[in-house]
2 protein chains.
Amino acid sequence: MATTTERPLRRDAERNRQRILETAGALFAERGLGVSLDEIARHAGVGVGTVYRRFPDKEQLIDALFEDRLAEILATANASLEMSDPWDALAHFIERSMELQVADRALKELLLSTTTAHARIEQGRRQIQPVVVAVLDRARRAGVVREDFDLSDLLLLQHAIGEAAEYTHEVAPEVWRRILCITMDGLRPDRRRPSPMPVPPLDEEQVDCTMREWGRRRRR
Amino acid sequence: MATTTERPLRRDAERNRQRILETAGALFAERGLGVSLDEIARHAGVGVGTVYRRFPDKEQLIDALFEDRLAEILATANASLEMSDPWDALAHFIERSMELQVADRALKELLLSTTTAHARIEQGRRQIQPVVVAVLDRARRAGVVREDFDLSDLLLLQHAIGEAAEYTHEVAPEVWRRILCITMDGLRPDRRRPSPMPVPPLDEEQVDCTMREWGRRRRR
DNA sequence: TCCAAGTGGAGAAGGTCGCTCCGCTTCTGT
DNA sequence: ACAGAAGCGGAGCGACCTTCTCCACTTGGA
């Protein structure tokens with residue numbers, strides 16, 4: 001970007017910048033965009049001042065981090081579009097983008113909300129949409145997905161399943177795949193038998209633990 | 001309860017108590033348990049002091065409010081159990097309890113989390129569970145629901161759909177029923193064609209608006 | 001060697017929350 | 001009609017966030 005025109009950072013400064021980016025990426029992924037810059041600084045082993053010198057505010061740090069993550073989703077969508085089977089293409093895209101969202105809470109927050117603040121991310125999302133539309137349309141035209149399934153429903157489903165994933169994240173990080181499985185079965189226009197569930201359900205203790213954890217998190 | 005033993009409140013005090021309960025109920029329903037007692041006081045047109053005199057702390061106010069709401073869900077479950085068709089029973093219970101959760105955000109938070117704090121609510125939930133198990137078991141034995149569907153999946157589904165409902169609440173308060181419809185179709189062991197969607201999808205403007213709103217709410 | 005570049009973290013400014021306290025008002029029984 | 005008990009409002013306290021600034025000090029590298 002513009003870094004080529006400016007004189008390079010001092011060696012230690014550049015190293016710190018990198019550590020901040022890495023740490024911020026990890027913390028955002030785990031806990032969402034709500035993480036404070038102070039906390040990022042602490043985890044990166046630098047002072048807050050250092051963070052603020054490198055990234056004038058939180059928005060710019062976020063922008064710097066997530067541009068390529070969106071590109072990854074775009075690539076996934078494009079890859080799906082090239083798969084031969086229209087249903088496999090749709091299913092692959094949904095599953096893969098859910099995986100990305102589950103692995104990175106901040107990414108999910110950026111994908112499902114709109115802000116004037118993050119212009120570049122906004123633009124990234126706008127590149128993704130038409131490809132998704134294409135994947136969905138192809139499946140619909142091929143008659144492999146229910147006709148009344150709308151693009152907006154996909155958005156809601158992503159949100160819903162993503163939220164379920166977050167709910168059980170500490171206890172059974174893969175159990176959201178069951179919900180996805182049920183949902184995908186619901187998207188088929190007709191079918192003889194349910195798809196096999198990819199993972200076992202929660203046992204009683206896991207349910208308890210999930211609910212307790214969520215209660216704890218809610219009250220901050 | 002114990003009110004009979006204590007001398008009754010002064011007329012104005014009792015009226016205030018009632019206003020506080022009503023206002024708190026409405027605010028909790030709309031915005032969840034996070035609402036501060038100061039805000040409840042302001043909306044009820046009383047001072048914070050008055051709230052704290054009547055309800056020693058937030059927990060007790062919540063307990064007082066939600067006992068009978070849980071009883072309502074228990075009644076729904078029992079009513080479902082008495083329906084003749086096992087699938088209708090399950091579908092009715094899920095739909096009805098989703099409706100209650102969508103109409104009252106705080107109720108949802110209480111149903112899906114566990115706290116040592118609200119003992120009476122905890123107990124209410126424990127009464128509901130066996131009835132739900134019965135409804136689900138009956139459906140499974142009758143072969144009208146996929147065999148691998150577990151009670152814990154129902155919990156996740158409730159969470160997921162409830163969250164989707166919240167996401168679109170301001171813009172299209174009924175659109176969650178589409179997600180529920182897809183999901184319910186996914187629960188059937190086999191089927192010829194999808195159930196008809198109960199409401200139209202979001203249009204583009206509604207999608208925009210939903211995402212913007214959610215972004216706004218996230219950053220408080 | 002030396003000084004510009006870089007650093008850390010205290011703390012300012014501004015926000016939230018739950019909860020207390022006490023001078024004042026309003027009810028109610030006599 | 002009036003005393004005194006009951007109830008009231010809301011300023012304000014303490015604890016806790018957050019973002020962001022500032023400046024005495026340290027360090028890299030020409």
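Letters A, B, ... are given to chains in the order of the sequence lines, protein chains preceding strands, and every chain is numbered from 1. The structure presented is a predicted model; accordingly, all values stated were derived computationally and were not measured.
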Item to complete: Name the closest nucleotide to the B/Asp38 side chain, picking from C/dC19, C/dT7, D/dA5.
Response: C/dC19
Worksheet, complete the sentence: From CG of B/Asp12 across to P of D/dA6 the rounded distance in Å is 13 Å
Discussion item. Counting only side-chain nitrogens and oxygens, does A/Asn16 get under 4.0 Å of the OP1 or OP2 atom of C/dG6?
Written reply: no
Practice prompt. Rounded off to whole Å, could you give me the CD1-to-P distance for the B/Ile40 and C/dC17 pair?
Written response: 11 Å
Item to complete: Measure the distance from CD on A/Gln60 to P on D/dT19 and round it to the nearest whole Å.
Response: 15 Å
Worksheet entry | Of the listed nucleotides C/dT20, D/dC8, D/dC20, the one nearest the side chain of B/Val48 | C/dT20
Practice prompt. Identify whether any heavy atom of A/Gly45 sits under 4.0 Å from a base atom; if not, whether one sits that close to sugar-phosphate; answer base, sugar-phosphate or nothing.
Written response: sugar-phosphate
Worksheet, complete the sentence: When A/Val207, A/Ile182, A/Ile179 are each screened for side-chain contact (heavy atoms from CB on, under 4.5 Å) with B/Leu156, the one that passes is A/Ile179
Item to complete: May I have the distance from A/Glu59 (atom CD) to D/dC20 (atom P), rounded to whole angstrom?
Response: 8 Å
Item to complete: Nearest whole angstrom, please: distance from the P of D/dT27 to the CZ of A/Arg15.
Response: 12 Å
Discussion item. Looking only at the side chain of B/Ser36 (C-beta and beyond, no hydrogens), which of the listed nucleotides D/dT27, C/dC19, C/dC17 gets closest?
Written reply: C/dC17
Worksheet item: The side chain of A/Arg54 lies closest to which of these nucleotides: C/dT7, D/dA11, D/dC20?
Response: C/dT7
Discussion item. Rounding to an integer number of Å, can you tell me how far B/Leu33 CG sits from C/dC17 P?
Written reply: 14 Å
Worksheet, complete the sentence: When B/Leu9 and B/Val35 are each assigned the nearest nucleotide of DNA chain C, the 5'-most assignment goes to B/Val35
Discussion item. Counting neighbours of NE2 on A/His92 that are heavy atoms of other residues, nucleotides or ligands and sit closer than 6.0 Å, is the number greater than 12?
Written reply: yes
Worksheet item: Of B/Glu122, B/Gln123, B/Gln127, B/Gln129, which meets side chain to side chain donor-acceptor pair (under 3.5 Å) against B/Arg125?
Response: B/Glu122
Worksheet item: Hey, what's the ring geometry for A/Tyr167 with B/His159, parallel, tilted or perpendicular (30° and 60° as the breaks)?
Response: parallel
Worksheet entry | Evaluation steps, side chain to side chain contact (heavy atoms under 4.5 Å, CB included), between A/Leu155 and B/Thr210 | CA-CA 10 Å; A/Leu155 186 75; B/Thr210 298; 5.5 Å; no
Worksheet item: What nucleotide, of C/dT26, C/dT7, D/dG10, holds the atom closest to the side chain of B/Arg10?
Response: C/dT26
Discussion item. Please pick, from D/dG9, C/dG8, C/dC27, the nucleotide with the shortest atom-to-atom distance to any side-chain atom of B/Val46.
Written reply: D/dG9
Worksheet item: To the nearest angstrom, how far is A/Arg11 atom CZ from D/dG28 atom C1'?
Response: 9 Å
Worksheet, complete the sentence: A/His43 atom NE2 is separated from C/dG9 atom P, nearest whole Å, by 15 Å
Worksheet item: Start at the 5' end of DNA chain D and walk down; is the nucleotide closest to A/Arg53 or to B/Thr50 reached first?
Response: B/Thr50
